[in-house]
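Residue numbers count from 1 along this sequence.
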Amino acid sequence: MKYSLLHTCSTTQARVGLIRTDHGDIPTPIFMPVGTVGSVKAVEMSNLEDDIDAKIILGNTYHLYLRPGLDILQSAGGLHRFGTWSRPILSDSGGFQVFSLAENRKISEEGVWFRSHIDGSKHLFSPERVMDIERVIGADIIMAFDECCPGDADYGYARHSLDLTERWLKRCVDRIRDTEPLYGYSQSLFPIVQGCVYPDLRKRAAENVAAIEADGNAIGGLAVGEPTEKMYEMIELTNEILPKNKPRYLMGVGTPANILEGIARGVDMFDCIMPSRDGRNAKLFTWQGIINMKNAKWAKDFSPIDPEGTSYVDQRYSRAYLHHLFRVGEILALEVASRHNLAFYLELVRQARAHIVAGDYGSWYPMMAEQVSRRL
């Protein structure tokens with residue numbers, strides 16, 4: 001994987017770059033739709049490519065390990081072939097999912113023993129095991145195994161958690177260096193900066209990650225309960241330390257406004273379940289603001305879903321029709337809303353790139369963040 005920094009903003013830390021992988025190029029800043037179990041919910045792969053124009057999608061190690069399982073994934077030739085997705089993939093290590101199983105897991109130096117949410121069976125995720133699983137999944141970008149510290153953790157817990165994460169990171173790096181990709185193309189390991197909301201821990205974590213000189217780096221443990229302004233503060237602190245010649249990935253964030261603010265602070269890559277999850281629950285992000293499609297006010301609104309939208313569904317269907325689909329529980333509503341929201345997020349980062357290149361991102365993004373956050 002190679003990263004090229006192409007443009008920078010004179011008034012913010014925003015930047016435009018290009019990531020080259022064996023499965024294609026990724027312009028940055030970029031939003032990555034989440035395909036937890038090997039698919040982006042309610043959206044067919046060809047629509048992700050042709051309509052939404054997603055450049056990269058995510059798969060999750062925890063869920064793919066449990067189902068369909070490693071034997072099927074390796075027999076298929078990896079997740080790209082199994083899901084018929086020819087563009088880049090990033091695999092999350094599953095750390096967040098494992099640690100969310102608070103009552104069904106046990107953390108130790110070895111790793112994490114946990115019980116499957118599906119059948120209660122017992123499993124171990126160690127740093128080495130997770131690296132081996134991510135080799136089988138075959139994503140272009142793979143994440144290190146870490147402990148995702150809660151946003152409200154006290155300092156003692158956060159420091160202990162970071163100590164463990166840094167020891168696990170060394171084991172992840174060693175395992176990747178001792179093994180080879182399985183399918184004939186390269187994989188890039190991204191370390192993750194943790195440290196909760198404590199500046200000294202974040203600084204230490206970022207310095208440790210930067211010293212590894214990986215192909216790219218991630219910022220984790222944010223948008224997990226801490227105040228939004230504290231999240232922005234941690235992003236700024238971290239990006240002052242992470243190398244400028246490598247992409248920076250903010251994990252699990254977030255709203256359109258969060259993404260615009262993150263770009264202004266030097267973030268290059270984003271993912272979040274919000275656009276597809278909220279879409280399935282009738283919440284639409286539009287260029288005029290946020291719409292709850294179940295509200296009766298849309299029942300006789302025959303205008304397009306989003307007059308400025310870029311998805312096929314935005315012009316094909318009216319707000320009244322989509323309101324009707326949700327009211328009657330028609331499954332098509334989930335597809336239409338998901339496609340709209342994902343296309344909106346991808347267009348948002350496309351416009352951000354254009355304004356960075358034009359030199360006016362600093363004045364454009366605050367206005368746009370306010371506009372897209374209004375409730376209609």
Side-chain angles (χ1 to χ4, degrees), residues 23 32-41 45 56-85 88-148 164-165 168-169 171-183 185-192 194 218 220-221 249 251-252 271-273 276-277:
H23 282 99
M32 305 178 286
V34 177
T36 302
V37 295
S39 70
V40 177
K41 289 185 185 299
M45 289 293 187
I56 175 173
I57 61 174
L58 270 69
N60 182 263
T61 293
Y62 168 83
H63 289 282
L64 292 168
Y65 163 77
L66 293 175
R67 293 185 299 193
L70 302 185
D71 179 62
I72 290 175
L73 284 169
Q74 189 158 2
S75 297
L79 186 57
H80 285 93
R81 290 186 177 180
F82 187 55
T84 69
W85 177 257
I89 295 176
L90 183 150
S91 58
D92 187 341
S93 70
F96 179 81
Q97 285 70 30
V98 167
F99 296 117
S100 68
L101 302 170
E103 298 179 359
N104 294 298
R105 48 90 169 161
K106 182 179 180 181
I107 305 172
S108 69
E109 192 69 35
E110 181 183 18
V112 182
W113 283 98
F114 65 93
R115 292 194 177 276
S116 164
H117 72 285
I118 300 168
D119 59 11
S121 56
K122 193 174 182 181
H123 305 268
L124 171 67
F125 268 14
S126 67
E128 294 81 5
R129 180 62 170 152
V130 169
M131 294 300 96
D132 292 345
I133 296 169
E134 293 195 79
R135 287 294 200 199
V136 173
I137 292 171
D140 302 85
I141 299 172
I142 62 180
M143 305 308 299
F145 189 57
D146 63 338
E147 181 181 1
C148 183
L164 187 61
T165 288
W168 283 356
L169 175 57
R171 290 164 58 186
C172 288
V173 172
D174 289 344
R175 188 66 160 199
I176 287 297
R177 287 174 177 167
D178 291 342
T179 59
E180 294 292 333
L182 298 178
Y183 309 118
Y185 54 84
S186 64
Q187 294 179 284
S188 294
L189 175 68
F190 279 26
I192 303 172
Q194 288 288 351
Y249 164 32
M251 305 178 72
D271 81 286
C272 190
I273 62 171
S276 49
R277 181 198 62 193

**Asked** Going through the distances and angles, do Tyr249 and Ile192 end up as a side chain to side chain contact (heavy atoms under 4.5 Å, CB included)?
**Response** CA-CA 9 Å; Tyr249 164 32; Ile192 303 172; over 6 Å; no

**Prompt:** Between atom CD1 of Ile57 and atom CG of Leu79, what is the distance when rounded to the nearest 0.5 Å?
**Reply:** 7.0 Å

**Contact check, side chains of Arg115 and Ser121, non-hydrogen atoms, under 4.5 Å** = no

**Request:** Using atom types as modelled and distance alone, determine if a side-chain donor or acceptor of Thr61 lies under 3.5 Å from a backbone N or O of Asp92.
**Result:** yes

**Request:** Please report the shortest heavy-atom distance between Leu189 and Pro191, naming the atom on each side.
**Result:** O-CD, 3.6 Å

**Prompt:** If only atom types and distance count, is the side chain of Arg277 paired as donor or acceptor with the main-chain N or O of Cys272 below 3.5 Å?
**Reply:** no

**Prompt:** Just how far is it from atom CE of Met131 to atom SG of Cys172, taken to the nearest 0.5 Å?
**Reply:** 4.0 Å

**Message:** Before we go on, tell me: are the rings of His80 and Tyr183 under 6.0 Å apart, centre to centre?
**Reply:** no

**Test log, rule side chain to side chain contact (heavy atoms under 4.5 Å, CB included), inputs Tyr65 and His123** = CA-CA 10 Å; Tyr65 163 77; His123 305 268; 2.8 Å; yes

**Asked** What distance do Gln74 atom CD and Leu182 atom CG have between them, rounded to the nearest 0.5 Å?
**Response** 5.5 Å

**Prompt:** Donor-acceptor pair, Ser93 side chain versus Ala144 backbone, under 3.5 Å?
**Reply:** yes

**Prompt:** What pair of heavy atoms forms the shortest contact from Ile56 to Pro33, and how long is it?
**Reply:** O-CD, 3.3 Å

**Asked** Is a side-chain donor or acceptor of Arg175 paired with a backbone partner of Arg129 at a separation under 3.5 angstrom?
**Response** no

**Message:** Within this structure, what is the CG-CE distance for the pair Leu58 and Met143, rounded to the nearest 0.5 Å?
**Reply:** 9.0 Å

**Message:** For Glu109, is there any backbone N or O sitting under 3.5 Å from a side-chain donor or acceptor partner on Trp168?
**Reply:** yes

**Asked** Taking side chain as C-beta onward, heavy atoms only, is Arg171 less than 4.5 Å from Ser126?
**Response** yes

**Prompt:** Heavy-atom distance under 4.5 Å between the side chains of Ile176 and Ile142, does that happen here?
**Reply:** yes

**Asked** Distance-only, no hydrogens or angles: does the Gln187 side chain make a donor-acceptor pair with backbone N or O of Ala139 under 3.5 Å?
**Response** yes

**Prompt:** Passes side chain to side chain contact (heavy atoms under 4.5 Å, CB included), Phe125 versus Ile133? Steps please.
**Reply:** CA-CA 9 Å; Phe125 268 14; Ile133 296 169; 3.6 Å; yes

**Prompt:** Is the distance between the ring centroids of His117 and Tyr62 less than 6.0 Å?
**Reply:** yes

**Prompt:** For Gln194 and Thr165, does a side-chain donor sit closer than 3.5 Å to a side-chain acceptor?
**Reply:** no

**Request:** Kindly indicate, with the supporting measurements, whether the criterion side chain to side chain contact (heavy atoms under 4.5 Å, CB included) is fulfilled by Gln97 and Thr36.
**Result:** CA-CA 11 Å; Gln97 285 70 30; Thr36 302; 5.7 Å; no

**Prompt:** Rounded to the nearest 0.5 Å, what separation is found between the CZ atom of Phe190 and the CD1 atom of Ile141?
**Reply:** 4.0 Å

**Fill in**
The reported gap from CH2 in Trp113 to NZ in Lys106 (rounded to nearest 0.5 angstrom) is 10.5 Å

